[in-house]
Engineer: 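Supplied in structure tokens, the structure appears directly below.
Along the sequence shown, residues are numbered consecutively beginning with 1. Computed from heavy atoms alone, side chains included, the values below leave out hydrogens, waters and symmetry copies.
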Amino acid sequence: MQVVKRAAGMRMEGGEPTVRTTESTYERVRVMASGNAVVVFTIGGCCMCHVVKQLLFGLGVGPTIVELDRLDKAGRDIHAVLNQLSGGGGKQAVPAVFVGGKFLGGIETVMACHINGTLVPLLKDAGALWL
């Protein structure tokens with residue numbers, strides 16, 4: 001497991017990553033999400049984030065974990081982008097799971113894919129599993 005405390009490519013000013021616009025935040029999320037086969041955006045202490053991570057670990061996947069609460073302002077900006085990706089409207093923005101650089105969804109989508117048997121093939125296609 002890789003935990004990102006400061007996202008690759010983030011410029012630091014005064015100890016805090018800077019993100020200028022929503023477009024650059026979207027781009028940053030895209031780059032981070034496509035950097036590994038499975039990327040999970042989380043917040044420390046989130047029980048649903050823990051569930052998703054444990055499911056992936058149990059399947060033998062070593063996801064990259066991006067802990068948004070450790071990224072200060074950039075984390076808040078990324079959280080806002082993830083909220084938009086998840087559809088907003090009261091849906092929880094984290095955990096946000098990307099497989100093969102594509103947004104899979106949150107806990108409900110991941111669990112539904114696991115239950116209906118489509119999660120493992122997705123992970124295999126992304127190169128996260130070698131079964």
Side-chain angles (χ1 to χ4, degrees):
M1 170 182 78
Q2 177 183 7
V3 177
V4 176
K5 292 182 181 174
R6 184 181 126 203
M10 279 192 176
R11 206 175 83 240
M12 301 290 282
E13 287 182 9
E16 186 169 307
T18 59
V19 179
R20 289 192 185 113
T21 66
T22 302
E23 282 183 23
S24 66
T25 304
Y26 272 107
E27 180 63 17
R28 190 156 324 274
V29 169
R30 188 193 66 75
V31 168
M32 292 169 74
S34 63
N36 291 312
V38 179
V39 179
V40 182
F41 290 88
T42 69
I43 292 179
C46 168
C47 61
M48 293 298 108
C49 296
H50 178 75
V51 168
V52 164
K53 290 187 285 188
Q54 291 305 309
L55 171 63
L56 293 170
F57 293 145
L59 292 172
V61 175
T64 296
I65 308 295
V66 181
E67 295 181 349
L68 298 177
D69 51 337
R70 293 187 180 197
L71 297 178
D72 299 322
K73 170 135 176 40
R76 290 188 297 273
D77 293 341
I78 291 170
H79 192 270
V81 166
L82 295 173
N83 190 44
Q84 291 175 351
L85 284 176
S86 68
K91 279 192 152 186
Q92 192 173 359
V94 291
V97 180
F98 289 79
V99 177
K102 297 178 183 168
F103 181 60
L104 177 61
I107 184 73
E108 292 176 3
T109 305
V110 172
M111 293 305 287
C113 288
H114 178 59
I115 290 167
N116 70 24
T118 59
L119 183 59
V120 169
L122 282 173
L123 296 170
K124 284 182 184 177
D125 289 345
L129 287 177
W130 298 276
L131 297 175

Engineer: side-chain contact (heavy atoms from CB on, under 4.5 Å) between Leu71 and Glu67: does it pass, once the steps are laid out?
Structural biologist: CA-CA 7 Å; Leu71 297 178; Glu67 295 181 349; over 6 Å; no

Engineer: What is the ring orientation for Phe98 with Phe103, classed by angle as parallel under 30°, tilted 30 to 60°, or perpendicular over 60°?
Structural biologist: tilted

Engineer: Check Gly127 against Ala37 and note the closest heavy-atom contact, atom names and distance.
Structural biologist: C-CB, 4.1 Å

Engineer: Testing the basics here: between Met48 and Pro95, what is the closest heavy-atom pair and its distance to 0.1 Å?
Structural biologist: O-CG, 3.8 Å

Engineer: Hey, does Val94 have a side-chain heavy atom less than 4.5 Å from the side chain of Thr42?
Structural biologist: no

Engineer: Under the side chain to side chain donor-acceptor pair (under 3.5 Å) definition, can you give me all pairs with a residue in residues 98-116, not counting sequence neighbours?
Structural biologist: Asn116-Thr118

Engineer: Side chains of Met32 and Thr64, heavy atoms from C-beta outward: is any pair under 4.5 Å?
Structural biologist: no

Engineer: Which pairs with one or both residues in residues 29-49 pass salt bridge (charged side-chain N to carboxylate O under 4.0 Å, His left out), sequence neighbours excluded?
Structural biologist: Glu27-Arg30

Engineer: So, do Pro63 and Phe57 sit near enough that their side-chain heavy atoms are less than 4.5 Å apart?
Structural biologist: yes

Engineer: Given Gln92, which partner from the list Cys46, Cys49, Ser86 fulfils the side chain to side chain contact (heavy atoms under 4.5 Å, CB included) test?
Structural biologist: Cys46

Engineer: With Ser34, which residues qualify under side chain to side chain donor-acceptor pair (under 3.5 Å), at least two apart?
Structural biologist: none

Engineer: Considering all heavy atoms of both residues, which atom of Ile43 and which atom of Asp69 are nearest to each other, and what is their separation?
Structural biologist: CA-OD1, 3.8 Å

Engineer: What is the minimum heavy-atom distance between Leu122 and Leu104, and which atoms define it?
Structural biologist: CD1-CD1, 3.8 Å

Engineer: Could you walk me through whether Ile78 and Val66 pass the side-chain contact (heavy atoms from CB on, under 4.5 Å) test, one step at a time?
Structural biologist: CA-CA 10 Å; Ile78 291 170; Val66 181; 5.6 Å; no

Engineer: For the residue pair Thr25 and Val81, what are the closest heavy atoms and their distance?
Structural biologist: CG2-CG2, 3.3 Å

Engineer: Indicate yes or no: at least one non-hydrogen side-chain atom of Leu59 is less than 4.5 angstrom from one of Leu119.
Structural biologist: yes

